[in-house]
Undergrad: 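This structure is in structure tokens; I'll ask about it shortly.
Remember, it's 1-based here, ligands and their atoms both numbered in the order they're listed. Note that this is a predicted model, so its numbers are computed, not measured.
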Amino acid sequence: MNVLLLGSGGREHALAWKIAASPLLTKLYASPGNPGIGRLADLVKLDIADHSAVAAFCQEKKIDLVVVGPEGPLVAGIADDLRAWGIRVFGPSKAAARLEGSKGFTKDLCAKFNIPTAAYGRFGDLASAKAYVEKTGAPIVIKADGLAAGKGVTIAMTLEEALAALEACFEGAFGAAGAEVVVEEYLTGEEASFFCLCDGATALPFSTAQDHKRVGDGDTGPNTGGMGAYSPAPVMTAEMTERTMREIIEPTMRGMANLGAPFAGILFAGLMITDQGPKLIEYNTRFGDPECQVLMMRLKDDLLVLLNAAVDGQLAHMSARWSDKAALTVVMAARGYPGTPEKGSVIRGLDEAAGEGAEIFHAGTAINGGALVANGGRVLNVTATGATVGEAQRRAYAALDRIDWPQGFCRRDIGWRAVEREKAGA
Ligand code: AMP
Ligand code: GLY
């Protein structure tokens, strides 16, 4: 098969790594890709927003499958447009990608199909949103409705913060994404990321992970796209997984089919495991970044076979097998992240650092004058497996410490919750 992978981050490098290992693969193309992906694929310059240009490339190169990494093109309808040209695509339609593209859409779906989630209100103007917040009180959560690159959520511990967040949203801090706002109940518990591979009718559980969103050790400092992750998430016991499937995922699949927008692709449920059980925080309609990196390290089966089954509506006959090992990834970011990262510093020693069960995925790198340089906020994902999360953590940090990049930084405590659990013998 000829495959075109769209995207340029660590998630896409991990997908490329796994796709490249498939005996079904003839040739892999990636656009725009990154230097790490460039070792596994031909990198092509395409304007991904120009769906006809992508389709023309697919026809010219006889692409059998397009795999879409990020949410932006999905929400913009790339899957529908390519399918209209007869091209097979892994990724949901525009209508199904509303599960990520509109938080209000997902909340209304939950209300209609009785899916457990935080109590909420949807507002299109400041006055009514303020009135709701004043009535409910803090802590409370304010969310821009649309895609805001992970920055549209404010956890307001006081009424003043909540009102300021509402004002910022309606003043255009998130552009069109903030023209509508979801205000919701503050949930407490442990968070987990739960993945399902979906073909429109069947949802196949696709393992679990835990992300570390805050930039600093001990979960302090501003939110980021994710500073590290590990898989599996110990909080997702067999019982919790069964409840999540029954109470959240299956009603979502039925609900979306019922609305004429069956979901096919990867469904990523952000869950809060509360005293009353799992509640949906949000859906993403793509793999998590960096969660994908740890999932790919543990997936024993051929990813291309599974993606094909999802595209062809054949998941009812499939299973996915996972290594018993834990996987853990540590993000190395450029100084300044999650604000404005410094670009251009030289990174050395990656080939020497990998090995011994460690893989280094490129997230934001470029080649400049023959040297590998930082070219984004999150730059490298140093990933390892181990018999325990503790062992995977030791291996990942040992590899990371062999990398020669003084301008990079990372959290030193990725996996701490699971490591503490392991130490306590739980
Ligand atoms: P999101 O961008 O929707 O993933 O939200 C970012 C983070 O905000 C989530 O990972 C949670 O840690 C937190 N969050 C979102 N909604 C809630 C909620 N209703 N209660 C508590 N925390 C939340
Ligand atoms: N790591 C969180 C995300 O991909 O949305």
Undergrad: Just wondering, do F263 and L99 contact through their side chains at under 4.5 Å, heavy atoms?
TA: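 Of all side-chain heavy-atom pairs linking F263 with L99, at least one is under 4.5 Å.
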Undergrad: Is it the side chain (CB and beyond), the backbone, both or neither of I155 that lies under 4.0 Å from ligand 1, heavy atoms counted?
TA: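 Near ligand 1, I155 shows its side chain, while the N, CA, C and O stay back.
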Undergrad: For the pair E100 (side chain) and T285 (backbone), establish whether a donor and an acceptor sit closer than 3.5 Å, ignoring hydrogens and angles.
TA: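 Such a contact is found between E100 side chain and T285 backbone.
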Undergrad: Any heavy-atom pair between the side chains of N34 and I37 that's under 4.5 Å?
TA: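 The answer is yes, as the side chains (C-beta and beyond) meet within the 4.5 Å cut-off.
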Undergrad: Any luck finding a side-chain donor-acceptor pair between S207 and R298 under 3.5 Å?
TA: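 Distance-only check passes for S207 and R298.
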Undergrad: Just jot down the ligand 2 atoms closer than 4.0 angstrom to any heavy atom of R286, in number order.
TA: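 Those atoms are 3 (C), 4 (O), 5 (O).
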Undergrad: List every atom of ligand 1 that sits less than 4.0 Å from any heavy atom of E185, numbering the atoms from 1 in the order shown and giving each element.
TA: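 In order of number, 18 (C), 19 (N), 20 (N).
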Undergrad: State the atoms of ligand 2, each with its element, that fall below the 4.0 Å cut-off from a heavy-atom position in D211.
TA: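 The list of qualifying atoms is 1 (N), 2 (C).
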Undergrad: Backbone or side chain, does any N or O of G225 fall under 3.5 Å from an N or O of ligand 2?
TA: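 Indeed, backbone or side chain, G225 has an N or O that close.
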Undergrad: What atoms of ligand 2 come within less than 4.0 Å of a heavy atom belonging to E291?
TA: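 Near E291, meaning under 4.0 Å from one of its heavy atoms, ligand 2 has 1 (N), 2 (C), 4 (O).
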Undergrad: Return yes or no for this condition: an N or O of D289 is under 3.5 Å from an N or O of ligand 2.
TA: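 Right, the criterion is met.
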Undergrad: I'd like the name of whichever of K213, E100, K143 reaches closest to atom 16 (N) of ligand 1 through any heavy atom.
TA: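 It is K143 whose heavy atom sits nearest to atom 16 (N) of ligand 1.
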Undergrad: Less than 3.5 Å apart, which donor and acceptor atoms pair up between the side chains of residues 172-184 and the rest of the protein, not counting sequence neighbours?
TA:
unit_1 : atom_1 : unit_2 : atom_2 : d
E180   : OE2    : R122   : NE     : 2.6
E180   : OE2    : R122   : NH2    : 3.1
E184   : OE1    : K107   : NZ     : 3.0
E184   : OE2    : K143   : NZ     : 3.0

Undergrad: Which of the numbered atoms in ligand 2 are under 4.0 angstrom from any heavy atom belonging to G288?
TA: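 Answer for ligand 2: 4 (O).
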Undergrad: Hey, which atoms in ligand 1 end up nearer than 4.0 Å to a heavy atom of E184?
TA: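 With E184 as reference, the close atoms of ligand 1 come out as 16 (N), 17 (C), 18 (C), 19 (N).
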Undergrad: Is the F361 ring parallel, tilted or perpendicular to the H13 ring (thresholds 30°, 60°)?
TA: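 It falls in the perpendicular class, over 60°.
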Undergrad: With heavy atoms only and a cut-off of under 4.0 Å, state how L187 meets ligand 1: side chain, backbone, both or neither.
TA: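 Both backbone and side chain of L187 come within 4.0 Å of ligand 1.
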Undergrad: Students often mix this up, so state it plainly: with edges at 30° and 60°, are the rings of Y29 and F57 parallel, tilted or perpendicular?
TA: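 Aromatic pair Y29/F57 classed perpendicular.
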Undergrad: Once you measure the plane-to-plane angle for F123 and Y132, does it fall in the parallel (<30°), tilted (30-60°) or perpendicular (>60°) bin?
TA: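 Answer is tilted, since the angle falls between 30° and 60°.
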Undergrad: Number the atoms of ligand 1 from 1 as they appear, then name those within less than 4.0 Å of a heavy atom of K103, with their elements.
TA: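 With K103 as reference, the close atoms of ligand 1 come out as 3 (O).
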Undergrad: For residues Q210 and E291, is any side-chain donor paired with an opposing acceptor at under 3.5 Å?
TA: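 E291 and Q210 do not have a side-chain donor-acceptor pair below 3.5 Å.
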Undergrad: What do we get for E191 next to ligand 1 when only non-hydrogen atoms under 4.0 Å count, side chain, backbone, both or neither?
TA: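 Side chain only; the backbone of E191 stays clear of ligand 1.
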